[in-house]
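Here is the naming used below: chain letters follow the sequence lines, and residue numbers restart at 1 for every chain.
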Amino acid sequence: MSALYTIWLRDLTRFLRNRSRIVTSLAQPLLYLAIFGTGLSSLLSGTSSLGGVGFTAFVYPGVIGLTIMFTALFTAISVVYDREFGFLKEVLVSPAPRLAVALGKVASGSTIALLQGVLTLPLAWLLGLPLTLGQVAQLVGIMAVLAAVCTALGLLVSTRLRGIEGYNVIINFLMMPLFLLSGALFPLAGLPGWMNVLVRINPMAYATDALRQVVLAGAAQPGFLAASRLHPVSLDVLVLLGFFIVFLVPAVRAFSKQE
Amino acid sequence: MSTVIETKGLGRDYGDLVAVDALNLEIQQGELFALLGPNGGGKTTTVGLLTTLLRPSRGSARVAGYDVASQPAEVRRHIGVVFQGPSLDEQLTAWENLDFHARIYNMPRPLFRQRAAELLALVELAERQHEPVRNFSGGMRRRLELARGLLHQPQVLFLDEPTVGLDPQTRRAIWGYLAALRQQAGVTIFLTTHYLEEAEDCDRTAIIDGGKLVALDTPAALKATLGGDVLHIRVTDVVAASELLRQRAQLEPRQGPDGLVVEVADGPRRIPEVVALLDGAGIAVQAVNLRRPSLEHVFIKLTGRAIRAETAEPSEALGQRGRIGRRERGGGR
């Protein structure tokens with residue numbers, strides 16, 4: 001337990017020391033919202049299939065998800081960095097159980113991603129979507145689960161790879177389809193079969209689905225969310241937890257293997 | 001005296017390459033033990049095996065009383081390691097690096113604060129303990145790593161090429177700390193080096209080449225296997241001088257690339273006699289050079305070649321299986 005906390009503490013210390021990184025990652029969601037929201041909504045003006053909310057508000061939950069995924073996947077790279085720059089040896093030669101080390105990495109990555117996610121919540125008010133305390137609590141819960149899923153995925157990729165370049169290639173290759181097929185930019189109802197399959201194996205789809213249901217709960221027309229959702233929020237979260245286990249177990253196993 | 005490190009037929013392969021083979025060592029508590037060998041000879045692999053970072057392919061090893069393969073966590077609790085490559089977090093301060101170490105080794109906080117202050121003073125970093133490590137020079141980093149390796153009071157301290165790439169002043173300083181440590185704490189030190197003069201200062205030295213142990217003894221005993229001193233004599237008339245020394249001094253001179261080479265039991269005492277003899281016979285002596293046997297000569301005798309003195313790249317590191325494999329394969333044969 002103390003090893004897990006130690007790993008977590010170090011990564012958080014490093015994160016909080018790196019001010020420029022926090023600022024850039026704050027600007028990111030704003031940029032996405034401006035581009036997707038403004039750019040695409042001008043294209044879609046007149047269509048009213050989004051339950052009465054503007055396109056920017058529709059996209060906003062997806063941007064929360066994207067911010068968390070982005071942060072989590074790029075935080076998990078620290079495992080690769082630690083290996084590359086030697087610090088991992090210090091950890092591996094210590095009596096800390098490998099399981100605690102791996103879980104510490106997941107905990108720190110998730111915390112950092114969650115923090116970044118929470119920082120996107122004030123945007124809701126800017127978009128005319130005031131959130132109640134209950135909504136905020138629900139959103140934080142969903143974001144925490146998504147952050148854990150993405151960090152575990154990042155850890156899994158990083159245990160399979162040696163170099164930093166390799167990690168970046170894989171992550172960039174994963175990130176776009178994960179985002180584009182998450183339903184962030186368009187409703188998932190009525191997609192062709194093959195695309196529907198891809199959506200169903202995409203954890204981001206369940207996260208976006210859950211986040212949107214909570215964010216738009218008061219703003220959208222009553223029938224819209226029920227008709228366009230994948231699952232109720234609780235089931236979405238359960239599926240996400242399933243993804244977490246599926247990514248975490250092989251990642252921890254690979255991490256624990258002695259060379 | 002008790003045995004702290006014991007290996008039996010220890011071996012490790014990387015694919016087809018045998019990096020370490022049939023290694024039998026027995027190291028006593030409090031010993032300063034050097035593993036000497038060329039780059040790629042199997043030193044880092046041996047340290048990897050003894051510190052549980054690598055799994056043995058054959059044989060067994062016990063460190064601090066625990067088996068490295070079946071009780072790695074216990075072994076890790078009792079050892080400190082200074083790696084060949086860098087292993088500090090550059091973004092954290094010196095103190096924070098030690099703090100991380102203390103926490104992950106579960107040290108009581110008061111003990112940590114006391115030990116950290118003592119060790120930072122020992123390695124002369126107390127004044128810069130709150131600076132991030134990225135501001136530190138290579139020598140400062142190495143000193144901090146040494147302090148960190150000792151923080152949790154290990155029974156055995158492993159140092160893999162602790163002085164590679166350091167300036168002579170820092171190298172001397174590191175050796176000074178190690179000497180002080182042995183006197184105060186009685187800690188067992190296992191170090192690898194390819195600097196022969198460092199191996200000279202150890203209690204016992206093992207020479208490893210091509211993954212195999214080729215000698216193991218005190219530096220004095222290893223040198224004694226070579227016989228006596230060697231005189232290199234440069235003269236005007238090599239043939240006449242050779243004849244004269246053979247008949248009048250009962251020596252067996254050989255013709256070397258640079259004059260005569262004579263093995264003698266006690267070099268410094270024989271020089272005046274040899275010079276007087278040649279001088280008296282009208283043979284001009286241009287230079288006399290005395291070579292006392294060193295571990296370098298032992299090494300050449302055992303392996304048939306000189307130890308290479310090139311420095312290892314800092315990127316050479318444990319935990320990078322592919323790199324180790326390639327490096328071990330590339331060097332030393």
If you define the side chain from C-beta out and look only at heavy atoms, does anything of A:Arg10 sit under 4.5 Å from B:Gln91? no

Beyond-backbone contact of A:Glu90 with B:Asn97, side-chain heavy atoms, under 4.5 angstrom: no

Dump the intermediate steps for side chain to side chain contact (heavy atoms under 4.5 Å, CB included) on B:Phe83 and A:Val93, then the final yes or no. CA-CA 10 Å; B:Phe83 299 98; A:Val93 85; 3.7 Å; yes

Check [X] against [Y] and note the closest heavy-atom contact, atom names and distance.
X: A:Pro95; Y: B:Ala73; value: CB-O, 4.0 Å
X: A:Gly86; Y: B:Ser87; value: O-CB, 3.4 Å
X: A:Leu92; Y: B:Arg76; value: O-NE, 3.4 Å
X: A:Phe87; Y: B:Arg148; value: CE1-NH1, 4.2 Å

Looking at B:Glu90 and A:Arg14, is there a salt bridge between them, counting it only when a charged N and a carboxylate O are closer than 4.0 Å? no

Partner residues of A:Ser158 under the side-chain contact (heavy atoms from CB on, under 4.5 Å) criterion, sequence neighbours left out: A:Val79, A:Val80, A:Leu155, A:Tyr167

Only heavy atoms, only distances under 4.5 angstrom. Which residues in [range] are near chain A?
range: residues 128-146 of chain B; value: none
range: residues 98-105 of chain B; value: B:Phe100, B:His101, B:Arg103, B:Ile104, B:Tyr105
range: residues 150-158 of chain B; value: none

Other residues, nucleotides, ligands: >12 heavy atoms within 6.0 Å of A:Arg200 CZ: yes

Please state whether the side chain, the backbone, both or neither of A:Tyr5 comes within less than 4.5 Å of a heavy atom of chain B. side chain

A:Leu9 versus chain B, the contacting section by heavy-atom distance below 4.5 Å: side chain

For chain B, which candidate among A:Ala3, A:Ser94, A:Ser2 shows the most heavy-atom pairs at distances under 4.5 Å? A:Ser94

With rounding to the nearest 0.5 Å, note down the distance linking OG1 in A:Thr13 to CG in B:Asp89. 9.0 Å

